Structures are given as C-alpha cells and as structure tokens.
Amino acid sequence: MQVEIQSNRAACAKALSCWFLTGATAGGKTQVGLHLARLLNAEIISLDSMAIYREMNIGTAKPSPQQQAEVPHHMIDILDPTESFSVSRFREMALARIDEIRSRGKEVLFVGGSALFLKALLRGLFEGPPADWGFREEVEAEVKKYGEEPLHQRLRVLDPLSAHKLHVNDRRRLIRALEVVHLTGKPISHWQMEFDHATRAEDCRVFTLRHPRAILHERIANRVASMFATGFVDEVRGLIDKYQNLSRTAAQAVGYCEVIEHLAGRRTLPETMEQTLIRTRRFARHQETWFRGLSECEFVELAGEIPPEKTAETILERGRARAV
RNA sequence: GGCGUUGUGGCCGAAUGGUUAGGCAGCGGAUUGCAAAUCCGUCUAUCCCGGUUCGAUUCCGCCCGACGCCU
C-alpha cells in the first residue's frame with residue numbers, strides 16, 4: 001500500500017509537469033492544441049475516451065490525418081471499436097507515452113475533454129481491482145428483482161462511508177463499491193482516501209477553454225450539422241456492417257448510439273440529428289461541471305472570435321510564467 | 001358568414017371547485033476501472049375580460065387564436 005501511494009504520487013508529479021489543454025466539446029481545442037504544440041515543440045497525447053477507437057472518426061471529431069501529421073499524436077486509433085476500455089488503462093498507457101516523448105527531448109501536451117481521465121492523471125487512481133463483469137451482472141440481476149434499496153443496505157454494513165456518500169439510486173457506484181469490498185476485503189472508501197490531493201491552478205498548467213454558453217451551443221449545432229453532412233451515418237453503417245456490435249464503451253459515444261438506433265429503423269433521421277444535438281449539449285454541460293470542480297483547471301475565456309493561434313500564445317505566456 | 005372542437009410552464013402531456021401529475025429540454029451538482037456513461041437536484045403554467053361562488057385553471061358568457069365541418 002505504501003509503495004502504491006509512492007508510485008501514485010510519482011505518476012501524478014509526472015503528469016503535473018505536462019501541459020494540458022481541455023474544455024467542453026466543440027470549443028476549439030484541436031486547433032489551439034496544434035498551435036500550442038508547435039510553440040512548445042510538444043507532441044500531443046489525446047485525452048479523449050472515444051478518439052482512442054479506430055474507424056470512429058467523424059462522430060468523435062478526431063483530428064484529421066493532416067493535422068495528426070503536423071504534430072505527432074498519441075492515444076488515437078489504438079483500439080478496435082469492439083474493445084472495451086477503462087480509465088486505468090488510459091492512465092497507464094498515457095504515463096508510458098509521457099516517458100517516451102520526453103526521451104525524445106520533446107514537451108508533452110495533453111489535449112482533450114475527458115474529465116475523468118484528466119482527474120485520474122492529475123490526482124491518481126487507487127490500485128484497485130478491475131471490473132468484474134460476472135459479479136456486476138449478478139448484482140444487476142438482484143437489483144432487477146429487489147431494487148436498489150437492499151444493495152444500499154448491504155453497503156451500509158460493508159462500507160458505511162461510501163454508503164453514506166452514494167445515493168440509493170446510484171446503482172453503478174453502489175455496485176462498484178460492493179465489487180471492491182468483495183474482491184479486496186477492504187472498502188473502496190478506504191482506498192480512495194489516499195488519492196485526492198488537489199493542486200492549485202497556479203502550480204500546474206491545465207488550461208480550460210471556455211465560451212459563453214450560448215456560443216458554445218451554436219458551435220455544437222454547427223459541428224453536429226457538419227458531422228451529418230460529411231457522412232456520419234455512413235461511417236456508423238460501415239461499423240455495424242463490419243462488427244455488428246460495438247464494445248460496451250464505444251457504443252456509448254454520443255451520436256453513434258443515436259445513429260445506430262436510426263439504422264435499426266427506430267428513429268427518423270431528423271430525430272436522430274436532434275437527439276445527437278441534445279446529447280452533445282448535455283455532455284458539454286457535464287464537462288464544464290467537472291472543470292469548475294477541479295482546482296487544477298484554469299479557465300481561458302473566449303468571448304468572441306479569437307483566432308486559435310492567438311489563444312495558443314496567451315496560454316503559452318501564462319504557462320511559461322510559472323515554475324512547475 | 002354559420003356550426004362544432006379546442007387553448008395548461010420552452011415543448012409534450014395529465015388532473016382538479018380549494019390540497020397546483022409526470023416526461024423532455026434548459027440550468028446546477030455529483031463523479032476513482034462502463035465516464036461522450038451514470039446518478040441527484042431544480043424550473044411552478046392553466047389565452048384576455050367579465051359573471052357564478054366563501055373560493056375558479058376547473059362552471060357560465062364574451063374576446064382573441066388554432067383546428068375541423070358547412071354555406
């Protein structure tokens with residue numbers, strides 16, 4: 001345990017020495033990131049839970065091949081859409097990439113909006129057991145029969161602290177908490193206590209692009225419209241033809257989920273587009289909730305049309321000014 | 001022009017002579033191996049005017065709008 005904390009600390013320190021560019025979806029991270037990477041002589045590590053999938057290009061608004069050729073990118077196109085993924089795998093792989101990039105004498109810039117991944121990098125992850133899907137399905141079946149209440153009841157005995165923190169209806173976390181005691185004999189709250197060291201924004205370089213909400217909504221509308229205009233539906237059709245089903249994680253992606261329903265004939269195209277728009281907005285809102293809550297995040301307010309290279313320069317200036 | 005139906009919050013949609021469903025969207029929060037997921041919280045409206053009534057969103061009349069039918 002002591003060793004784990006040590007290595008966790010070391011890993012966090014390593015991550016904290018990198019540059020980060022984050023922000024809600026459709027906020028212009030890709031463009032700014034490219035400029036910033038050039039200014040820093042950096043390579044980019046994607047901080048995005050869906051861009052890791054091959055063949056999911058249009059709907060994830062992945063950087064184009066040309067953009068990826070301009071600056072070396074990592075953690076993009078590393079999984080088939082049938083493979084599942086997890087935060088911890090992301091973290092492990094990303095940490096390895098940091099070393100690799102540094103060994104070339106280059107700077108590291110993370111670009112992306114997956115907030116949980118960001119937090120895992122900045123604050124660490126306890127060395128807990130991976131998901132046990134057999135166990136989860138068993139418990140899931142119980143919930144179906146008896147509801148969440150008995151689950152919560154059980155957790156109150158095994159891990160009162162977590163039970164107190166979790167809402168009765170928060171089935172996923174209830175199950176994970178149970179899973180951890182079941183697998184390790186120790187409550188998840190015990191493990192989690194060790195890893196919540198917040199860093200002040202001034203002591204790191206986590207820049208968070210932010211637009212006024214109305215403008216962000218406009219940008220989202222434009223992005224969704226252009227996705228559908230450039231063959232998003234065909235992309236998803238291709239995936240389904242080839243793989244039938246996407247992995248548990250890939251299938252959750254905004255837009256993909258909706259288009260799959262459409263291709264199955266359960267939804268018209270206009271409904272699908274509307275639903276994709278709505279879900280993208282909700283996604284963006286949740287992302288911003290995350291960023292507000294992470295002390296590491298420093299907001300870069302973008303009122304009006306600011307050219308990406310200008311924003312990159314602003315960030316560079318601010319980031320260089322501090323000793324990290 | 002006549003007759004009929006109808007008018008509930010941004011949208012959908014119940015109900016009721018007095019205790020003002022619900023859903024969606026929006027907004028806020030949570031978030032440690034499914035995270036672009038998931039969970040929680042929040043929003044208080046009955047077209048206008050008049051009448052009946054202790055009390056009207058609910059009953060009556062009228063106005064306006066919508067829809068339908070007829071001439």
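From a predicted model like this one, the values you see are computed outputs, not experimental measurements. Numbers restart at 1 for each chain; the letters A, B, ... are given by sequence-line order, proteins then strands.
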Can you tell me the Watson-Crick or wobble partner of [N], both distances under 3.5 angstrom?
N: B:G1; value: B:C70
N: B:G65; value: B:U6
N: B:U42; value: B:G26
N: B:U53; value: none

Side chains of A:Glu235 and A:Tyr256, donor plus acceptor under 3.5 Å: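 Looking only at side-chain atoms, A:Tyr256 and A:Glu235 do form a donor-acceptor pair, the distance falling under 3.5 Å.
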Below 4.0 Å: OP1/OP2 of [N] and any side-chain N or O of [X]:
X: A:Arg213; N: B:C27; value: yes
X: A:Arg91; N: B:G33; value: no
X: A:Asn169; N: B:C39; value: no
X: A:Ser84; N: B:C34; value: no
X: A:Arg279; N: B:G26; value: no
X: A:Arg172; N: B:A37; value: no

Assign [X] to base, sugar-phosphate, or nothing according to its heavy-atom contacts below 4.0 angstrom with the strands shown.
X: A:Ala131; value: sugar-phosphate
X: A:Ile278; value: sugar-phosphate
X: A:Arg292; value: sugar-phosphate
X: A:Phe85; value: sugar-phosphate
X: A:Thr25; value: nothing

Spell out yes or no: do the side chain of [X] and the base of [N] have one donor N/O and one acceptor N/O closer than 3.5 Å?
X: A:Arg173; N: B:A37; value: yes
X: A:Arg285; N: B:G28; value: yes
X: A:Arg282; N: B:A25; value: no

More than 12 heavy atoms of other groups within 6.0 Å of A:Tyr146 OH: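 Check fails, neighbour count at 12 or below.
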Parallel, tilted or perpendicular: ring planes of A:Phe20 versus A:Phe110, cut at 30 and 60 degrees: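 Rings of A:Phe20 and A:Phe110: parallel, under 30°.
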side-chain hydrogen bond (donor to acceptor under 3.5 Å, both in side chains) partner of A:Glu258, chosen from A:Gln275, A:Arg279, A:Arg267: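 Passing option: A:Arg279.
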Partner of A:His262 under side chain to side chain contact (heavy atoms under 4.5 Å, CB included), chosen from A:Val236, A:Leu269, A:Thr276: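 Single pass found, and it is A:Leu269.
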Strand-adjacent residues in residues 249-273 of chain A, judged by heavy atoms under 4.0 Å from RNA chain B: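 Nucleic-acid contacts, sorted: A:Thr249, A:Gln252, A:Ala253, A:Val254.
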Please state the [atom1] separation for the pair [N] and [M] - nearest whole angstrom.
N: B:G55; M: B:G22; atom1: C1'; result: 27 Å
N: B:U32; M: B:A37; atom1: C1'; result: 15 Å
N: B:A25; M: B:C12; atom1: P; result: 15 Å

Electrostatic pair A:Asp77-A:Arg54, nearest N-O below 4.0 angstrom: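 No, A:Asp77 and A:Arg54 are not salt-bridged.
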A:Lys145 with A:Glu142: basic N within carboxylate O range, under 4.0 Å: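 Not counted as a salt bridge, because no side-chain N and carboxylate O are separated by less than 4.0 Å.
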First encountered from the 5' end of RNA chain B, between A:Asp170 and A:Phe126: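 Result of the comparison: A:Phe126.
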Contact nearer the 5' end of RNA chain B, comparing A:His217 with A:Gln287: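 Taking each residue's closest nucleotide, the earlier one in sequence belongs to A:His217.
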